[in-house]
A.B. asks: 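Structure below; questions to follow.
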Amino acid sequence: MKSIIPMNLRRLFFYCFIFLPAYGIASPKLIVVQDDTVFIPDVSTIPLIDGISDDNCWEFSDWQAIDQVWIPYGAVVGSEDFSGRYKVVWSSVENLLYFVIEIVDDVISDAYVPDQTAAIYNFDMTEVFIDEDKSGNYHVFDGAANNEQSLGTNAENAFAYHIFSAFPESGQTNTDFRVEDLGGTDWGNVTHPIYNDHFPEFVLRRDGNIVCWEFSLIVYDDTYSDENIEGSRVSLEAGKVMGLSIAFNDDDEPEVDPSLTERDNFFGSVAVAEAAYNDHWKNADDFGAVKLTEAPVSVNNKKSDEATLQIIPNPANDSFRLSFTNEYTGTLNIRIVNT
């Protein structure tokens, strides 16, 4: 297959300047958000869960941004305060999803103590929102109705995993963690189920103000209960569509007063309407869409003597023509960096 793409350098570099986060441009409208549908590849070799995203399998997954400001509602938060991104793959052999989440945060807060301090969402922590069949709707209580008052008839219609782990010293890792959700029948009968066993492997690595969560996740459907754990486990298959969003709670208060524990910012991976900025915890309607795909073709299968790329002219002052040739078909991502 041969494709030729004419490009205007001035226009291309202008777009790169606006959209690439490395340039530090903050705008509420011109933001790279999670793909409309994130395609999750089946990988033949699973990642080593060590908090380092250098495994070969991660090369087949695109980074998705965690850059939508859900709290404060619609405000612009500069990259010097926070930036985040994630990748996800799956394994048909292990029947698991695998995540890597990278966060850069100016203030690291890990004062949460289960059952003692304020609610888990008031501290620096990640959240994984997953709706196995992308059915949407409320998912808080086993209540009387699917409305704002009852907040659902099935608390397991979707899962809102609040994942906390104490941040280690720079250069170190932590494998201890706590995963909480919200359940019960109503606000007078609230439970906080612990879902650590949904995550077979977990590690949090820290390097200064850069932190990386890497973990595997079992997917369960809406029949999940303590009596039906294995029966509700989903058999992952290519073509399956699920609801999925990733979020980060940002607590900067300890920089002001270590005794303060209040969430300052809440960042998500999908753009939502203003009225739904903080609705993920209760309603799955606005979860992002993901689709499981077949195993990707390994780039190692490419013929070494094949001329795959030409840029004409090179160097170029105003415009150039990009030509690529190989035997494969499918999606091609091209990244051009203006140094």
A.B. asks: Nearest 0.5 Å, please: how far is CD1 in Ile46 from CG in Leu96?
C.D. replies: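 Here the rounded value is 7.5 Å.
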A.B. asks: Show the nearest heavy-atom pair for residues Phe99 and Leu97, with the distance to one decimal.
C.D. replies: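 Closest approach of Phe99 to Leu97: CE1-CB, 3.7 Å.
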A.B. asks: Can you name the one residue among Phe159, Trp90, Tyr161 that meets side chain to side chain contact (heavy atoms under 4.5 Å, CB included) with Leu217?
C.D. replies: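 Filter result, single survivor: Tyr161.
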A.B. asks: Any donor-acceptor pair under 3.5 Å linking the side-chain atoms of Glu148 with those of Tyr138?
C.D. replies: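 Side chains of Tyr138 and Glu148: pair found under 3.5 Å.
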A.B. asks: Does any non-hydrogen side-chain atom of Leu244 lie less than 4.5 Å from one of Phe129?
C.D. replies: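 A side-chain contact is absent here, since even the closest heavy-atom pair is not under 4.5 Å.
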A.B. asks: Anything under 30° is parallel, anything over 60° is perpendicular, the rest tilted; go ahead and classify His198 against Tyr220.
C.D. replies: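 If you compare the ring of His198 with that of Tyr220, the planes turn out tilted.
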A.B. asks: Are Asn137 and Asp131 side-chain neighbours, meaning at least one heavy-atom pair lies under 4.5 Å?
C.D. replies: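 No, every pair of side-chain atoms sits at 4.5 Å or beyond.
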A.B. asks: Spell out, as yes or no, whether a donor-acceptor pair under 3.5 Å connects the side chain of Arg85 to the backbone of Asp67.
C.D. replies: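 A pair under 3.5 Å: no.
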A.B. asks: Can a salt bridge be assigned to the pair Lys240 and Glu132 using a cut-off of 4.0 Å between side-chain N and carboxylate O?
C.D. replies: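 Salt bridge between Lys240 and Glu132, a charged N being under 4.0 Å from a carboxylate O: yes.
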A.B. asks: Is it true that Glu127 and His162 share a donor-acceptor pair across their side chains at a distance under 3.5 Å?
C.D. replies: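 Result is yes, a qualifying pair exists.
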A.B. asks: Looking only at atom types and distance, does a side-chain atom of Ser61 sit under 3.5 Å from a main-chain N or O of Val88, one as donor and one as acceptor?
C.D. replies: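 Yes, Ser61 side chain to Val88 backbone: donor-acceptor pair under 3.5 Å.
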A.B. asks: Given 3.5 Å as the limit, does a donor-acceptor pair link the side chain of Asp142 with the main chain of Ala155, or not?
C.D. replies: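 Yes, Asp142 side chain to Ala155 backbone: donor-acceptor pair under 3.5 Å.
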A.B. asks: Looking at CG of Asp250 and CE of Met125, how far apart are the two atoms once the value is rounded to the nearest 0.5 Å?
C.D. replies: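 Reported value, rounded in 0.5 Å steps: 11.5 Å.
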A.B. asks: Cut-off 3.5 Å, side chains only: do Ser91 and Asp42 have a donor facing an acceptor?
C.D. replies: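 Distance-only check fails for Ser91 and Asp42.
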A.B. asks: Run the side chain to side chain donor-acceptor pair (under 3.5 Å) test on Thr173 and Asp50 for me, step by step, so that the C-alpha distance in whole Å, both residues' side-chain angles and the decisive distance to 0.1 Å come before the verdict.
C.D. replies: CA-CA 8 Å; Thr173 62; Asp50 57 3; over 6 Å; no
A.B. asks: Are any side-chain N or O atoms of Asp181 and backbone N or O atoms of Pro193, one a donor and one an acceptor, separated by less than 3.5 Å?
C.D. replies: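 Checked: no pair found.
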A.B. asks: In the structure I gave you, are the side-chain heavy atoms of Val219 and Met242 within less than 4.5 Å of one another anywhere?
C.D. replies: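 The answer is yes; the side chains approach within 4.5 Å.
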A.B. asks: Is any side-chain heavy atom of Asn278 closer than 4.5 Å to a side-chain heavy atom of Phe266?
C.D. replies: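 The answer is yes; the side chains approach within 4.5 Å.
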A.B. asks: Is there side-chain contact between Phe177 and Val179, with at least one heavy-atom pair below 4.5 Å?
C.D. replies: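 Phe177 reaches Val179 side chain to side chain.
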A.B. asks: With no hydrogens and no angle check, is any side-chain donor or acceptor of Asp55 less than 3.5 Å from a backbone partner on Cys57?
C.D. replies: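 Flag not set: sc Asp55 to bb Cys57 has no pair under 3.5 Å.
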A.B. asks: What about the rings of Trp187 and Phe141, do their centers lie closer together than 6.0 Å?
C.D. replies: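 Centroid separation for Trp187 and Phe141: below 6.0 Å.
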A.B. asks: Give a yes-or-no answer on whether the side chains of Thr223 and Glu156 include a donor-acceptor pair shorter than 3.5 Å.
C.D. replies: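 Absent: no donor and acceptor within the cut-off.
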A.B. asks: So do Leu151 and Asn283 actually touch side chain to side chain, heavy atoms under 4.5 Å?
C.D. replies: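 The answer is no; the side chains never approach within 4.5 Å.
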A.B. asks: Looking at every heavy atom in both Ile194 and Asn196, which two are closest together, and how far apart are they?
C.D. replies: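 Result for this residue pair: CG2-OD1, 3.3 Å.
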A.B. asks: If you round to the nearest 0.5 Å, how far is CG of Leu236 from CD1 of Ile40?
C.D. replies: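 Answer rounded to 0.5 Å: 9.0 Å.
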A.B. asks: Is the distance between the ring centroids of Phe248 and Phe267 under 6.0 Å?
C.D. replies: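 Between Phe248 and Phe267, which both carry aromatic rings, the centre distance is not below 6.0 Å.
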A.B. asks: Between Pro72 and Asn265, is there a side-chain heavy-atom distance shorter than 4.5 Å?
C.D. replies: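 Sidechains of Pro72 and Asn265: in contact.
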A.B. asks: Okay, side chain of Ser150, backbone of Asn146: is any donor-acceptor separation there less than 3.5 Å?
C.D. replies: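 Between the backbone of Asn146 and the side chain of Ser150 there is no qualifying donor-acceptor contact (under 3.5 Å).
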A.B. asks: Which of these passes side chain to side chain contact (heavy atoms under 4.5 Å, CB included) with Tyr86: Ile66, Val128, Ile103?
C.D. replies: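 So the option named by the test is Ile66.
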A.B. asks: Let me confirm one number: the OG-CH2 distance from Ser53 to Trp58, rounded to the nearest 0.5 Å.
C.D. replies: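 If we round to the nearest 0.5 Å, Ser53:OG and Trp58:CH2 are 8.0 Å apart.
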A.B. asks: Which atoms form the tightest heavy-atom contact between Arg206 and Pro168, and what is the distance?
C.D. replies: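 What the structure gives for the nearest pair is CD-O, 3.0 Å.
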A.B. asks: May I ask you to check whether His280 and Trp70 place their ring centres under 6.0 Å from each other?
C.D. replies: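 Between His280 and Trp70, which both carry aromatic rings, the centre distance is below 6.0 Å.
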A.B. asks: Nearest 0.5 Å, please: how far is CG in Leu48 from CD in Glu214?
C.D. replies: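 One gets 7.0 Å once the value is rounded to the nearest 0.5 Å.
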A.B. asks: Going by distance alone, is a donor N or O of one side chain under 3.5 Å from an acceptor N or O of the other, for Ser165 and Asn174?
C.D. replies: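 Their side chains do contain a donor-acceptor pair, which is all the 3.5 Å distance test asks for.
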A.B. asks: Return yes if some donor-acceptor pair links the side-chain N/O of Asn209 with the main-chain N/O of Asp105 below 3.5 Å, else return no.
C.D. replies: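 Looks like yes, one N/O pair under 3.5 Å.
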A.B. asks: List the steps, then state whether side chain to side chain contact (heavy atoms under 4.5 Å, CB included) holds for Leu182 with Trp281.
C.D. replies: CA-CA 9 Å; Leu182 190 62; Trp281 67 274; 4.0 Å; yes
A.B. asks: Please report the shortest heavy-atom distance between Ile163 and Phe215, naming the atom on each side.
C.D. replies: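 Taking Ile163 first and Phe215 second, the nearest heavy atoms are CD1-CZ, 4.1 Å.
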A.B. asks: Do the side chains of Pro200 and Ile218 get nearer than 4.5 Å, heavy atoms only?
C.D. replies: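 Sidechains of Pro200 and Ile218: in contact.
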A.B. asks: Are the side chain of Ser269 and the backbone N or O of Ile246 linked by a donor-acceptor pair below 3.5 Å?
C.D. replies: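 Checking the backbone N and O of Ile246 against the side chain of Ser269, a donor-acceptor pair under 3.5 Å is found.
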A.B. asks: I would like to know whether Leu292 and Glu237 meet side chain to side chain contact (heavy atoms under 4.5 Å, CB included); could you show each step before the answer?
C.D. replies: CA-CA 7 Å; Leu292 304 185; Glu237 296 180 353; 6.0 Å; no
A.B. asks: What distance separates Tyr224 OH from Asp222 CG, expressed to the nearest 0.5 Å?
C.D. replies: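 Answer rounded to 0.5 Å: 13.5 Å.
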